[in-house]
Amino acid sequence: MTFQSILDEVQNNLNRILSEMNISDVSFSVEPAKPGFGDVSSNIAFLLAKQLKKSPKDIAELFSEHYNKSVNTLVTKSEAHPSGYLNFFANWEKLSQLILSESNLDTFGFVELGNKSTIVVEHTSVNPNKALHIGHIRNIIIGDTISRILRKADYRVNVLNYIDDSGLQVADILLGFTHLGFSQEPPDGKKFDHYCGDDVYVKTTQKYEEDSSLEEIRKSILKDLEDESSDIAKLADIVTRKVLTNQLKTCWNLSVTYDCLNFESQIIRSGLWSKIFEKLKDMKLVEFENDGKNAGCWVIRGDGKEEDKVIVRSNGVATYVAKDIPYAAWKLGLVEDPFYYEKYTTSQSGAHELWQTTLNPNNSKENFTGQKVITVIDSRQARLQKIVTDLMGKFKSAPDAYVHLGYESVTLSSDTAKTLGLETDGKQAQMSGRKGLYVSADSVYELLRERVIAETTKRRPEIDSSEIETIAHNVSVGTLRYEMIKQDLDKIITFDLTKSLSLEGDTAPYIQYTFARASRILEKSGRTPSIDVDYSLLVEKSELDLVKTIGLFGIHVRDAANNLSPKVVAKYCHDLAVSFNSFYEKNKVLGLDDEKLEDTRLCLVNSFKMTLENALDLLGIDTPSRM
RNA sequence: GCGCCCAUAGCUCAGCAUGGAUAGAGUGUCGGACUUCUAAUCCGAUGGUCAAGGGAUCGAAGCCCUUUGGGCGCGCCA
C-alpha cells in the first residue's frame, strides 16, 4: 500500500465531500504531486467547473476548506493552488513510518493484479542455426523482464522458448555440412553457435547465388526434415540441439531463465496442425477458394482492405503463419496436449527447473499453458501476429487472450556498421544474420566485462581479482539489460559499439553504484538497522523525497504490469538512485554525534537499499555491494 | 499503391494511455565540488515556434483531421 495509502485517504475524503454536496459521477484523479506542489494533487476542481459554474480556483478553495475540516490521519492540510489544482500535504512522521516499515517486508512492491491466474510469456525463439546477436537480446530481455514484473503482479508465469528446428535456416546450415564440406567441429575452440552462424550459414547462403543447383538440394533437405527417421532429421537434431545449448548459455549468463522449450519439429510430428485445421474449417474461419488468384488454396479473409491470407497452398502444404496457429492454440490450452515433458539436459542458473517437450510417452505430463498468452516478437511481424491474435480471440471467445507484444528492432549505427565492413553513408543499418552483418551478444558482453574489470581495478585496487570478476559480470549484465529496456518498445535502438556501452549517466552502473554507496554506509555503521526509530527526525527535503520515492514502488509495478512496459521499472530504479544520490550529497548518516538521528537515517538507507535491490531484481540486474 | 510505427534541447530519450500548474533526464559544451559515509557521484550555466497546418475544448506536447519527413510491413517465401 505505502504511498497508495495517502492517495486512498484523499480519494475517500473527496468522495465523501462530493456526496455531501450531492454530486456524483466525477472521475477525478488523485496522484503523487509534481515537485513543489505538495505531496498529493487532485484535478477535481477542473472537472466540476462547468457543472458548478465557478472557476477551478474557487472550487479548489471550497474543497480545501471542507477538506481541512475532515478527519485525516496521513494528510496535514489541503491547499488550493491558483491554477485550480487541489494539493495535499502529508503527515510525514506517520507516512515515513508506514513506508519504511513496509519496505522491510518481502512482499513490498507486490501488487494483486493477476489473482494467481496463469499467463504464458514466449520470447527468444531464435532459429537454432546461429549465435544470438544484439537484436535478439532486446527480445530476450523484454520477455524476461515482463515475466519478472508479471510474477510480482500476482501472475503465475510460464516462460516458453520456441525452437524452430525444422525451418529453412536450419536447412541452410545442414546443406553446408552435407554438401559444402563444412566440418561439424568448430575451429580452435570457437563456440559452436558462432561457428554455425558466422561461417556455415553466411558462406552457404553466399553459395546460392553462385550455384543455382543448390536450391533443389535445399528443398529436399527441408522436406526430409519432416520425416523423423531420415538421416537429415537425425543430423538436424544433433546440430540444432548443440546450437541451442550454446544459445542458452548466452541467455543464462544474462540471468534469463525459461520454464519450457518447445520444439517445432515435435509440433509438426504431433499432428496438431490437422486437428486445428479441421476446427478452423468447422468454425468457418478458413475458406476454400474455387477461383481467383488464390484458386485451390485455403485462405483467411482479410479484414476490411486487407488482402486474404493463404493458409494452405494449392499443393496442400501449410504456409508459415499456419504453423503458428496450432502452437498459439496450444499455448492457450485450447487443444489436447500431445506432448510429454522431460527435464532439459543442462540445468539453468538458480533453482528454476527447465523442461522440454518430447513425444516419448515414457515421460511425465506437465502443464505450461496459460489463460492468457504474451508473445514477444518484433513489430515487423505485426501483420501475421494480428491474424493469429484475431483467430485466437475467436477460438477462446476472449479478444485479448492472445497478445502480441511487439517492439522495434535494433539497428547498427553507421560507425559500427563500418567496423563490420559496410559503408552506409551516415545512415543506420539493419542487421542481417544471412549477410553476417550483426554484433553478437557474447562479444558485447565480453567487451563490457573487460572495460568494467579495467575500471574497477583502477578505482578499487584493494579488491581481489575474484571479487572483481563477480562485479564485472554483474555490472556488464546490468548495463546490457538496462540498455535494452530503458526506452519504450516502439523506439528503434541504434546500437553503437562505443556509445551504447557507456558506464556513466543513465545506465545500470549509475544505479548499481548507489547500492554500493548505501551498502558501505551500513557496513561502516557496524549496527543492525532497525525500524524502531524516531521518524519525526526525517525532515530534510532530500530525506522525504527519498522516502516518497521508496513508497511509489508498488504503483510503478502496477503501471508496468498493466501496460506491459518494462521501461517503467527502469525509470523507477533510476528515480530511486537519483533520490538517493541527492540525499547522500546533502546528509551525512554516520559520525553525527546523535545516535537517534543516525539510527533513523540508517533505517532510511537500509529501506532504500532493499527497495532498490527488489526493483532491480525485476530487471534481472544484480547489486554488487562494492564497485 | 495500401497498412502499421516514429517525429519533443546539437545528439539519445522521458512526459502522451487518463488534456490542466513551471515541458524533464542523460549526453555534449563551459564552469565549479574529493584531508569529510566510494567523484561510475554531485552542483551551476548553456540549450525547446513539442515536425507543419487546421479542428473540437475554458485549456493541447498529449485528442481528431490533413500535410511533410523518416522507418517497417504488405508472397501459394520463412
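Only this structure's heavy atoms are used, side chains among them; waters, hydrogens and symmetry mates stay out. Chain identifiers are assigned alphabetically (A, B, ...) following the order of the sequence lines, protein sequences preceding nucleic acid strands; residue numbering begins at 1 within each chain.
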Check your understanding: Hey, are A:Arg601 and A:Glu543 close enough for a salt bridge, meaning a charged N less than 4.0 Å from a carboxylate O?
Key -> yes

Exercise for review: In plain terms, say whether A:Glu469 and A:Arg449 are close enough for a salt bridge, that is, a side-chain N and a carboxylate O under 4.0 Å apart.
Suggested key: yes

Counting only side-chain nitrogens and oxygens, does [X] get under 4.0 Å of the OP1 or OP2 atom of [N]?
| X | N | answer |
| --- | --- | --- |
| A:Asn581 | B:rC42 | yes |
| A:Lys50 | B:rU57 | no |
| A:Gln430 | B:rC72 | yes |
| A:Gln487 | B:rC13 | yes |
| A:Lys34 | B:rA21 | yes |
| A:Lys567 | B:rC13 | no |
| A:Arg313 | B:rG75 | no |

Practice item. Select base, sugar-phosphate, or nothing to describe what A:Ser314 touches, counting heavy atoms under 4.0 Å on all strands. Key: base

Review point. At under 4.0 Å between heavy atoms, what does A:Asn315 touch on the DNA or RNA strands: base, sugar-phosphate, or nothing?
Key: nothing

Which of the following nucleotides, [options], is nearest to the side chain of [X]?
| X | options | result |
| --- | --- | --- |
| A:Lys323 | B:rA78, B:rG15, B:rC37 | B:rA78 |
| A:Tyr510 | B:rC5, B:rC37, B:rU41 | B:rU41 |
| A:Leu168 | B:rC72, B:rG71, B:rA78 | B:rA78 |
| A:Asp506 | B:rG26, B:rU41, B:rC37 | B:rG26 |
| A:Asp490 | B:rA21, B:rC5, B:rA78 | B:rC5 |
| A:Lys491 | B:rA78, B:rC37, B:rC6 | B:rC6 |
| A:Phe37 | B:rU22, B:rA78, B:rA14 | B:rU22 |

Check your understanding: Considering only the P atoms, how many Å lie between B:rG73 and B:rG28, rounded to the nearest integer?
Key -> 34 Å

Where do N or O atoms of nucleotides 34-36 of chain B meet protein N or O atoms at under 3.5 Å, pair by pair?
{"from": "B:rU36", "atom 1": "O2'", "to": "A:Lys588", "atom 2": "NZ", "distance (Å)": "3.2"}

Check your understanding: Got a donor-acceptor pair under 3.5 Å from the side chain of A:Thr319 to the base of B:rA78?
Key -> no

Using ring pair (Phe, Tyr, Trp, His ring centres under 6.0 Å) as the criterion, point out the one residue from [options] that pairs with [X].
| X | options | value |
| --- | --- | --- |
| A:His574 | A:Tyr510, A:Tyr513, A:Tyr482 | A:Tyr510 |
| A:His81 | A:Phe37, A:Phe88, A:Phe63, A:Phe46 | A:Phe37 |
| A:Phe608 | A:Phe580, A:Tyr584, A:Phe583 | A:Phe580 |

Check your understanding: When you measure from the centre of the six-membered ring of A:Tyr320, is the NZ or CZ of A:Lys323 under 6.0 Å away and within 45° of the axis?
Key -> no

Study note, to complete from the structure: Per the O4'-C1'-N9-C4 / O4'-C1'-N1-C2 angle with a 90° window around 0, B:rC34 comes out syn

Check your understanding: Judged by modelled atom types alone, do A:Thr549 and A:Ser579 share a side-chain donor-acceptor pair under 3.5 Å?
Key -> yes

Review point. Please, what dot-bracket string fits RNA chain B when only Watson-Crick and G-U pairs with both distances under 3.5 Å count, crossing ones use [ ] and pairs to another strand use |?
Key: (((((((..((((......[...))))((((((.......))))))....(((((..]....))))))))))))....

